[in-house]
Every structure is written in structure tokens, then in C-alpha cells.
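Have a look at the structure below, then the notes.
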Amino acid sequence: MTLLLIEIAIMIITIIYGLVKGGALGSAVSSIVALFIMLFIFKLPPSEPPVTAVLIIISIGIASGALQASGGMDYMISVATKIIRRFPKAITLVAPLVCFLFVFGMGTAMISLSLEPIIAETATKSKVNPKGALIGSVLASNMALLCSPASSSTAYVIMMLMPFGVSLITYLAIVLPSTLAAIVILSLILMAIEKRIPFDESILEETQEISEEVTHDKKAKYSTFVFLGCVVAIIIFGLFPGLLPQYTVDGKSVKIKSTDVVQMFMYLSAAVNILIFRIKSKSILAAPATSNALGASLVVLGLGWVGMTIFFSPGNQIVLQTTIGEVLANYPWVIILICSFVAMIIGAQTAVAAIVFPLALSLNISPIFLVIMVQCLNVNFIIPAQPTLLLACELDRTGRTKAFSFIIPGVIITALSMVLAYGMTLFI
């Protein structure tokens with residue numbers, strides 16, 4: 001047991017050190033250092049690298065980068081802005097739902113960073129305290145990343161659970177409605193609280209006018225439609241796998257893997273942008289969405305590889321089963337605490353999943369239980385280091401949105417999503 005704890009400690013220390021020194025790329029390469037130590041010093045047998053997850057994330061990054069380079073992401077931001085400004089008095093409810101919808105469709109939380117100034121400005125002009133709308137929007141954007149087929153976090157989680165019988169549609173059928181319901185409930189709670197607090201009209205004089213949206217060309221709009229069409233196609237083929245072509249190989253019927261379907265449609269979206277809309281390849285590679293996806297793919301490669309090497313090692317498996325395994329067999333909810341703690345320290349959803357999910361699966365935790373608790377990967381609101389959280393604090397001119405303001409709402413919405421997700425499993 002001592003040796004296993006040392007191995008886990010080395011993995012966590014190297015990951016955190018790399019994260020502090022070099023962000024996502026730093027944690028990725030430092031985790032490879034940890035893998036080197038496990039293989040050459042502790043003599044652990046190597047696991048297979050998570051190549052499929054890396055390929056999926058890269059394909060999503062290329063498609064998102066093409067969308068961003070074409071102006072499609074800016075177009076989506078302008079559409080979201082119009083919706084938010086149309087319902088100013090109900091912004092505490094509308095803003096989180098809009099953020100969820102657009103992050104779900106785009107697969108990136110970058111869109112919420114652009115919407116937060118609009119949310120704060122619209123709420124203030126409408127004499128609505130912006131705190132509730134900002135808190136709800138930040139939390140909803142994070143949760144949307146674990147619902148979107150176009151998100152690297154969702155892609156990795158499903159890739160991990162698919163060998164255990166959890167398909168994309170099973171995952172979405174549990175996570176999507178439970179998350180949406182949790183967002184609505186939290187928004188209504190925040191709305192009720194905000195209405196009881198008088199609005200400070202003195203801040204209206206300090207409110208800065210945010211420029212109106214610019215006109216977007218047809219290329220940006222068409223690129224958006226193509227991207228969203230590909231996301232819808234992924235969902236449809238996941239829902240109706242019988243629509244996929246079948247092949248006969250050595251007398252056996254073979255279908256295209258769902259993980260390959262995701263990659264093909266994401267690359268199809270990028271191909272349309274390059275070949276038809278004539279988006280330059282250099283612009284796609286230089287897009288922030290592409291570089292972020294590259295960082296996420298390296299995180300999955302490094303953390304997933306070293307995590308599976310440690311937790312699936314035959315010797316460590318025996319230790320885990322006779323110690324933590326016995327506890328989790330009787331109290332599976334303990335994995336929720338473990339996941340939340342790791343998420344609080346690491347922050348990045350994909351990185352947390354790469355550490356916790358191999359451990360949980362190696363200890364025979366039910367994959368459906370992991371789906372129920374998947375939003376625990378979002379417990380990154382305890383330590384205030386998330387860009388969307390920090391920006392929300394700066395944008396609230398009332399000064400009421402603090403870094404610690406997200407803790408209680410975050411715990412509530414995470415708990416709600418798990419309770420509701422459990423309820424959804426009763427109908428599946």
C-alpha cells in the first residue's frame with residue numbers, strides 16, 4: 001500500500017508542478033515524466049496509451065478552430081447576445097440557459113467569456129443585480145462541457161465508458177436532462193434571492209456601453225450551420241446506430257465505431273470550411289480553439305497513460321481491491337469525494353477524468369454510477385483559478401460577486417445534477 005501511495009503522490013505532484021509552471025502543456029509533459037518514473041524506476045507494466053481519445057479531441061479541435069477562423073463562433077456570440085438582451089428582467093434564468101445552449105453546441109466554454117460582459121451590462125441596465133446571472137452562467141457553461149458531443153471532456157469520458165456498455169445516447173439521456181433541470185432550479189433559487197436584495201442605482205452612472213454586434217458575412221453563418229449539422233449528425237447516428245452502413249468482414253457483420261463517427265463528422269466540418277468556404281489552414285491552426293484542443297489532447301495522453309499504468313497494474317490492482325476496493329464496494333459514493341477533491345486541485349475536467357476514471361473503473365465502480373456523478377468533474381469553483389469565474393467577479397460593478405460566491409451554488413447544482421441523474425437512470 002505504501003508503494004502505491006508513493007506512486008500516486010509522484011503522479012499528482014508532477015502534474016500539479018507542471019500545471020503551475022506551464023499550464024495544460026506543462027501538466028501533459030510532466031505526466032510523461034511521471035510515466036517514465038513508473039516504467040523505469042517502479043517497473044510497472046505499461047498500459048496502452050489513450051490514442052482514440054487523443055484522436056477524437058484533435059478532430060474536435062480542428063473543427064472548432066475552423067469554425068472560429070471562419071467567424072462562426074463570433075456569429076454565435078452575436079446570436080446569444082440578442083437572446084440575452086431580449087429578456088433583461090429574467091436574465092438570471094435566461095443567461096445560464098443561453099450559455100448552456102451555446103457551449104453545448106460549440107463544445108467550448110470560450111463563448112461564455114464573451115457573453116459575460118453582455119450579461120453584466122444587460123442586468124445592470126435593467127436594474128437587476130448581476131450576481132445571480134453571472135454565477136448561474138459560469139456554472140452552466142462548465143456543466144455544458146460535460147453534455148456536449150463536441151466537447152473534449154465529454155469525448156474522453158464516453159471513450160472511457162464505452163467499453164463498459166455506456167453509449168453516447170445512454171450518456172446524454174442521463175446527463176443532459178438532469179443537468180438542464182439542475183440549472184433551471186438553481187437559476188430560480190438565485191432569482192428569488194436577488195429579488196430580495198435592493199438594486200444599487202448609483203452604479204448606473206458607471207455602466208459602460210458595450211458596442212453593438214457587427215455584421216457577419218454569409219461564410220460565418222454557413223460555417224456555423226455546417227458545424228452544428230455535424231454535431232446533430234453525431235447525435236442521430238448515436239441514437240440510431242442502424243443507420244450506419246454495415247460491412248461483412250470474414251463472415252462477420254461490422255459497423256463503423258461511434259468514436260470514428262465523431263472524428264469523421266468533425267473533420268467533415270473542417271473540410272467544408274477549407275474546401276468550400278476557403279478558410280486558410282494557417283488560420284485554423286492559429287485559432288485558440290485548436291491550440292486549446294491540442295493542449296487537452298496532450299493532457300489526456302499524459303495523464304490517462306500514467307493513470308491507467310498505475311491503477312491497472314496487476315500488483316496495484318490487488319492492493320486497491322483489498323483496501324479502497326472494499327470501502328467503495330460498501331460505500332461507492334466515496335468516489336464522489338475523491339473526484340471532487342481532485343477536481344478542486346487540478347481544475348481541468350479532462351485532466352480530472354484521466355486521473356479518477358481509470359481508478360474507479362479498476363475498482364469495479366459501476367460505469368452508470370460514473371455517469372451519474374460526472375458533473376463532479378466540475379468542482380473547480382472551490383479554488384478560484386478559473387478564467388470565467390474571475391472575469392465574473394471583475395464585471396459585477398455592485399461588488400457582490402466574490403470568488404467564494406460560487407461555492408454554495410456550485411455544491412447545490414452539482415448535488416442536484418447527481419440526484420436528478422440518478423432519477424433518470426430509473427427510466428433507462
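Just so it is clear, the model here is predicted, and its values are computed rather than measured. These numbers come from the heavy atoms of this one structure, side chains and all, not from hydrogens, waters or symmetry mates.
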Practice prompt. Report the C-alpha distance between Thr425 and Tyr422 in whole Å, list the side-chain angles of each, state the deciding distance to 0.1 Å, and finish with yes or no for side-chain contact (heavy atoms from CB on, under 4.5 Å).
Written response: CA-CA 5 Å; Thr425 61; Tyr422 175 75; 4.1 Å; yes

Worksheet item: Between Ile135, Val138, Ile413, Leu389, which is the residue that forms a side chain to side chain contact (heavy atoms under 4.5 Å, CB included) with Phe381?
Response: Leu389

Item to complete: Ignoring hydrogens and angles, state whether a donor on the side chain of Asn142 or Gln386 is under 3.5 Å from an acceptor on the partner side chain.
Response: yes

Discussion item. Is it the case that the side chains of Ser417 and Gln375 hold a donor-acceptor pair, with the cut-off being a distance below 3.5 Å and no angle test?
Written reply: no

Item to complete: Report the relative orientation of the aromatic rings in Phe100 and Phe104; use parallel for angles under 30°, tilted for 30 to 60°, perpendicular for over 60°.
Response: parallel

Practice prompt. Please step through side-chain contact (heavy atoms from CB on, under 4.5 Å) for the pair Ile310 and Leu4, ending with a clear verdict.
Written response: CA-CA 8 Å; Ile310 292 175; Leu4 174 59; 3.9 Å; yes

Fill in: Qualifying residues under side-chain contact (heavy atoms from CB on, under 4.5 Å), relative to Ser152, sequence neighbours excluded
Ile57, Ala296, Thr350

Worksheet entry | Pairs where residues 10-36 contributes a residue and the test ring-ring contact (aromatic ring centres under 6.0 Å, His included) is met, not counting sequence neighbours | Phe36-Phe40

Worksheet item: Side chains of Asn316 and Phe311: does their closest heavy-atom pair fall under 4.5 Å?
Response: no

Worksheet item: Do the side-chain N and O atoms of Ser253 and Gln246 include a donor-acceptor pair separated by under 3.5 angstrom?
Response: yes

Worksheet item: Side-chain donor-acceptor pair under 3.5 Å between Ser223 and Ser70, yes or no?
Response: yes

Worksheet entry | Val29 and Leu298: CA distance, side-chain angles, deciding distance, side-chain contact (heavy atoms from CB on, under 4.5 Å) verdict | CA-CA 8 Å; Val29 296; Leu298 292 174; 5.9 Å; no

Worksheet entry | More than 12 heavy atoms of other groups within 6.0 Å of Tyr267 OH | yes

Worksheet item: Where do Cys99 and Ser137 come nearest, in terms of heavy atoms and distance?
Response: SG-CB, 3.7 Å

Item to complete: Without swapping roles, check the side chain of Asp396 against the backbone of Thr398 for a donor-acceptor pair under 3.5 Å.
Response: yes

Worksheet item: More than 12 non-hydrogen atoms from neighbouring residues, nucleotides or ligands closer than 6.0 Å to CG on Leu3, yes or no?
Response: yes

Fill in: Heavy-atom check, side chain of Pro245 versus side chain of Ile256, under 4.5 Å
yes

Discussion item. Checking Thr170 against Ser167: is there a side-chain donor and acceptor pair closer than 3.5 Å?
Written reply: yes

Worksheet item: Around atom NZ of Lys255, are there more than 12 heavy atoms of other residues, nucleotides or ligands at under 6.0 Å?
Response: yes

Worksheet item: Within the side chain of Ser78, is there an N or O that forms a donor-acceptor pair under 3.5 Å with the backbone of Tyr75?
Response: yes

Worksheet entry | Side chains of Tyr171 and Thr154 in contact at under 4.5 Å (non-hydrogen atoms) | yes

Practice prompt. Evaluate ring-ring contact (aromatic ring centres under 6.0 Å, His included) for Phe237 paired with Phe265, printing each intermediate quantity in order.
Written response: CA-CA 11 Å; Phe237 282 115; Phe265 275 104; 5.6 Å; yes

Worksheet item: Does Thr322 use its side chain to pair, donor to acceptor, with the backbone of Val319 at less than 3.5 Å?
Response: yes

